[in-house]
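Structure, as structure tokens:
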Amino acid sequence: MSRSRMKLGAFLMAGGHHIAAWRHPDAYAQAGSDIDHFIALAQIAERGKFDMIFIEDAAAIRERDPELASQAARSTAFEPLSLLAAIAVNTSHVGLVATASTSYTEPYGLARSFAALDQLSGGRAGWNLVTSASELEAENFAASGLRSHSQRYERAEEFADAALALWDGVEDGAYLLSNGEAFADRSRLHPVHRHGKHFSVDGILESPRSPQGRPIMVQAGASDVGKDLAARTADVVFTASQTKAEAQAYYADVRARLGKYGRGHGDLKVMPGISPIIGATEEEAKAKYRALQDLIPDAVGVALLASYLSIEDLSAYPLDGPLPEMPPTNLIQSRQQLIIDLGKREGLSIRELARHFAGARGHWQVVGTPIQIADAMEERFADGAADGFNVMAPLFPSGLEDFVTLVVPELQRRGIFREEYEGTTLRTNLGVAQPGKS
Amino acid sequence: MLLGYALSPFGHHPDAWRQARDGRLLGFDALLDQVSAAETAGFDFVLLADRVGLRPVDDLSSVAVPFEPTLLASALATRVKRIGIVAAAVTAQHEPYNLARRFASLDLITKGRAGWMVVADGADAAREREYVDVVKTLWDSFEDDAFVYDKVAGRFFDPSKMHIAHHSRTHFSVRGPLNVNRSPQGRPVMAHLLDGGNDTLAFETGELLLLQARAAEDLVRTAGRTIKAIESAGRRREDIRILASIGPVIASAAQDMNERLELSGEDRTAQPLLATRLLGTPRMIVDQLQELKAVADLDGFTILPPTLEMGQRFVADVVPEFRQRGLINDGSDATLRDRLRLARPVHPAVSLREVSR
């Protein structure tokens, strides 16, 4: 029964998801560059039977202004694949999902890296495919600047197909050792020779076939082309939805696209983000939330908001006034709309929106007791808004530790989350079909 | 005497897999066992050379490690604690920003034990030189003491100690800064395998130079040429470590020498790495290596065991002979630079400030 148990991802980020987490008195400010911190977080997630941990990425610093960059812990981070390779050999069941861009890498190198992560982890790797929408990333790779939204997705489509072909290039049993006659069984090798518009790929991956068939494909695209790419190629989609109605609409939309590609509803898991702030009482949870919000410097919050809106600068507008009207851009269209809608719906000022988004960065925020949080999750899970959730703890390790010791047992008691892992591969635990096998 | 261990699942002889016939040797645990043994023995670094950048087109190779080397390095890093890890990466296969991030991350994960074996395309020397310059500039994005973590002031790093590359020359356009903290050892160590072709980049920028030749006499000549070349490039011999690749064929006594001879024969297929074959008992091998080191002015050797058994025998029988002669570093050096006795690079902004003072 695919509907009966929800899937859980632990979205890890240095000291925490809250933009000011690193300044909290309990925070470990050096967390972002300490591998032992991340290994410990992954082990907590595994203790909580999470399906996966998830690492986001940007191939650039996130603020153009050094003054702003110097106030944000997210300015520096581990490269995700390197980080997960180290975590892979210190965990045994939790899935490992790394973000990587189709705009600034090549299919062969990327497919090879994920194949390595998959082998190192015994079949627990996942790739969150992104197309990289920021100017700052573009400036690290080319003088030509940022490609348009449609050009990026055209490249992504070709990229995804090349990666899948490379992973399928070596069948099970292709390495022949016992007869001593040949090192490889050529009849089980399918070298890739593709010459498309964006890539020329010739070669075979020097890796046995993945224990889970192929790495899991994850996407977070919310534009029309993004949702189509997800419906065609992804096993999991991450999404940001504030209200249940938005989440339901997204859920129905993505699932409706699956039929076009001959896929069933169970083949794609929709996992919106949730930012839980957990207290023994509602009052305690609210106090925790306020303590974090008070640590956000206005300049940092407003700059983050501006970057989500894809506009240069918001500082010309009064902090306590509404958002200015703005034209659509070719960047992350979906998140921009979400912010504009929220501002209008709730009549929020720039400062209020900035603080709101700085907290959960556009994701669904739930402040309350473990039972209240479990109620909220169960409601969306039961009402066709989610197959599971990507959990974004505001503070690490305490926010994840609280979730694992307080919320997970409550979900298990209700029979909507696993007591034990179903298997050792991410594909088995997610319950999505292995390619080529029914 | 510096010692490196070149990792290969079955051994470096192309036919070694026929002896082993065990698929488990391709797995991480078996590779970790080899690296742990090398660490315990006192090796200074392990070399993850892969196929040295040759992309397999239609077939699999028995001498390639079935993991992308930089990620294998990351995985090994948390399971071995002292040995340095030098991983090959090909400039033609990574954008400089991505490569700089991988190795800066690896240096954090290894806690300062990472090295990059630069596999460059000799055909375009100017591009390769620019590539290495970009990577080094990105590694210098933050000064050693840039990160202050001042919670009260809300200051994660000192912005005056962040340096934006703004690199824009013939081949690359890279804004920077790198979004990874400063490397624990300043910059990862830069290694080069000299192939006798266009090695200018290695002479100008390499810190750990790995020589390879079939015969010992050729090694001596190559070492001489290398030292001359680095001096012509305006660098000092003492700032560079030069190691030669050796394929040891160890015999415990003269009588089983005959069966070992089989391994010393010419390879039937091309090997990714070339090594000088040394034949003999452990004592004979150490004698030869000491002599070679002195004659060719080397700092040490990279060992390429032809088979896993030979690797084990090298650790069990040859290393104790080295240790007895006081040639093994059993110190508690924290970083690869320390082990190699290479100086920590001074950040360019710091040297500038010192000059203008």
Segment of [X] engaging chain A (4.5 angstrom heavy-atom cut-off):
X        : value
B:Arg101 : both
B:Phe172 : neither
B:Asp29  : neither
B:Val152 : backbone
B:Leu26  : side chain

Proximity breakdown for [X] and chain B, heavy-atom pairs closer than 4.5 Å:
X        : result
A:Glu181 : backbone
A:Asp185 : neither
A:Ala20  : neither
A:Ala100 : neither
A:Leu136 : side chain
A:Arg64  : both

Looking at [options], which makes the most heavy-atom pairs under 4.5 Å with chain B?
options                                : value
A:Ala116, A:Ala88, A:Ala115, A:Gly169  : A:Ala116
A:Gly203, A:Gly32, A:Pro25, A:Gly122   : A:Gly203
A:Ala174, A:Ala77, A:Ser70, A:Ala85    : A:Ser70
A:Leu189, A:Leu120, A:Leu205, A:Leu117 : A:Leu120
A:Ala86, A:Ala58, A:Pro208             : A:Ala86
A:Ala60, A:Ser207, A:Ala27             : A:Ala60

Just how far is it from atom [atom1] of [X] to atom [atom2] of [Y], taken to the nearest 0.5 Å?
X        : Y        : atom1 : atom2 : result
B:Tyr149 : A:Gln30  : OH    : CD    : 5.0 Å
A:Thr105 : B:Gln93  : OG1   : CD    : 12.5 Å
B:Phe157 : A:Ser75  : CZ    : OG    : 4.5 Å
A:Ile204 : B:Leu60  : CD1   : CG    : 5.0 Å
B:Glu95  : A:Tyr104 : CD    : OH    : 10.0 Å
B:Asn181 : A:Asp34  : CG    : CG    : 10.5 Å

**Item:** Qualifying residue, where the test is side chain to side chain donor-acceptor pair (under 3.5 Å) with B:Asp58 and the options are A:Arg186, A:His190, A:His193
**Value:**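 So, applying the side chain to side chain donor-acceptor pair (under 3.5 Å) to B:Asp58 and each of A:Arg186, A:His190, A:His193, only A:His193 qualifies.
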If you compare all heavy atoms of [X] against all heavy atoms of [Y], which two are closest, and at what distance to 0.1 Å?
X        : Y        : result
A:Val89  : B:Arg79  : O-NH1, 2.8 Å
B:Asp150 : A:Trp22  : O-CH2, 3.4 Å
B:Trp17  : A:Ala182 : CH2-C, 3.3 Å
B:Tyr97  : A:Ile61  : OH-N, 4.0 Å

Are the side chains of [X] and [Y] in touch, meaning some heavy atoms are under 4.5 Å apart?
X        : Y        : value
B:Lys111 : A:Ile35  : yes
B:Arg175 : A:Glu135 : no
B:Glu68  : A:Leu110 : no
B:Ile164 : A:Pro66  : yes
B:Leu106 : A:Glu79  : no

Look only at the side chain of [X] and the backbone of [Y], and say whether a donor-acceptor pair between them is shorter than 3.5 Å.
X        : Y        : value
A:Glu206 : B:Ser61  : yes
A:Arg23  : B:Lys151 : yes
B:Ser62  : A:Phe183 : no
B:Asp59  : A:Ala184 : no
A:Asn140 : B:Val174 : no
B:Ser74  : A:Ser82  : yes

**Request:** State plainly whether the residues B:Arg155 and A:Glu67 are in salt-bridge range, i.e. N to O under 4.0 Å.
**Result:** yes
**Prompt:** Counting heavy-atom pairs under 4.5 Å to chain A, which of B:Leu32, B:Ile109, B:Leu72, B:Leu108 comes out on top?
**Reply:** B:Ile109
**Item:** Working for side-chain contact (heavy atoms from CB on, under 4.5 Å), residues B:Asn179 and A:Arg74
**Value:** CA-CA 9 Å; B:Asn179 57 348; A:Arg74 291 172 80 211; over 6 Å; no
